[in-house]
Amino acid sequence: QVSVAGAAVARAKHVMGGNLGGFTGLVVGAGEMSKIVTKHLVSNGCNVILFNRTAEKAKKIAEEVGGRIDVEPFEALTEFVNRYRLLFTA
């Protein structure tokens with residue numbers, strides 16, 4: 001089964017030369033699609049920084065998925081957006 005989230009990560013992997021290991025992906029939102037994107041990124045060796053208006057929702061995703069996931073407040077997004085090459089919104 002193919003999801004839009006999975007396809008987005010697969011496309012990012014292709015664009016980045018076939019390997020996401022060592023990259024950091026920014027994920028904006030803490031809904032189901034963000035959770036799926038986060039799972040795909042982590043399974044591809046990517047670090048993740050989650051941004052959401054409600055930190056508890058983002059922390060819940062981080063705990064459920066595991067891996068190298070940091071949570072930042074939504075207001076901090078502007079500090080990060082131009083520092084990383086991967087950005088996913090869901």
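The chain is numbered in sequence order, starting from 1.
Using a 4.5 Å cut-off on side-chain heavy atoms (C-beta onward), Val27 and Leu87 make no contact.
Hydrophobic clustering (side-chain heavy atoms under 4.5 Å, transitive across Ile, Leu, Val, Met, Phe, Trp, Tyr) keeps Phe88 apart from Ile36. Val81 and Tyr84 fall within a single hydrophobic cluster, where Ile, Leu, Val, Met, Phe, Trp and Tyr side chains are chained together by heavy-atom contacts under 4.5 Å.
Across Val71 and Ala55, no two heavy atoms sit closer than the pair CG1-O, 4.2 Å.
Qualifying side-chain contact (heavy atoms from CB on, under 4.5 Å) partners for Lys35, counting only residues two or more places apart in sequence or in other chains: Glu32, Lys39, Ile61, Glu64, Val65. Residues meeting the side-chain contact (heavy atoms from CB on, under 4.5 Å) test with Arg11, sequence neighbours left out: His14, Val15. Take Phe74 and apply the side-chain contact (heavy atoms from CB on, under 4.5 Å) test, not counting sequence neighbours, and it matches Val28, Arg53, Leu77. The side-chain contact (heavy atoms from CB on, under 4.5 Å) check on Asn52 picks up Ala30, Thr54, Lys57, Ala58, with sequence neighbours excluded.
Thr24 contributes atom OG1, which lies 8.0 Å from atom CG of Leu86 (distance to the nearest 0.5 angstrom).
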Side-chain donor-acceptor contacts of residues 44-51 below 3.5 Å, not counting sequence neighbours, with atom names and distances?
from	atom 1	to	atom 2	distance (Å)
Asn44	OD1	Lys13	NZ	3.1
Asn44	ND2	His40	O	2.8
Asn47	OD1	Arg68	NE	2.5

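Note on residues 71-90: no pairs pass salt bridge (Lys or Arg N to Asp or Glu O under 4.0 Å), not counting sequence neighbours.
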Discussion item. Side chain to side chain contact (heavy atoms under 4.5 Å, CB included) for Val37 and Met33? Distances and angles first, verdict last.
Written reply: CA-CA 6 Å; Val37 165; Met33 293 302 284; 5.5 Å; no
Worksheet item: Run the side chain to side chain contact (heavy atoms under 4.5 Å, CB included) check on Ile69 and Leu41 step by step: do they pass?
Response: CA-CA 10 Å; Ile69 303 171; Leu41 289 170; over 6 Å; no
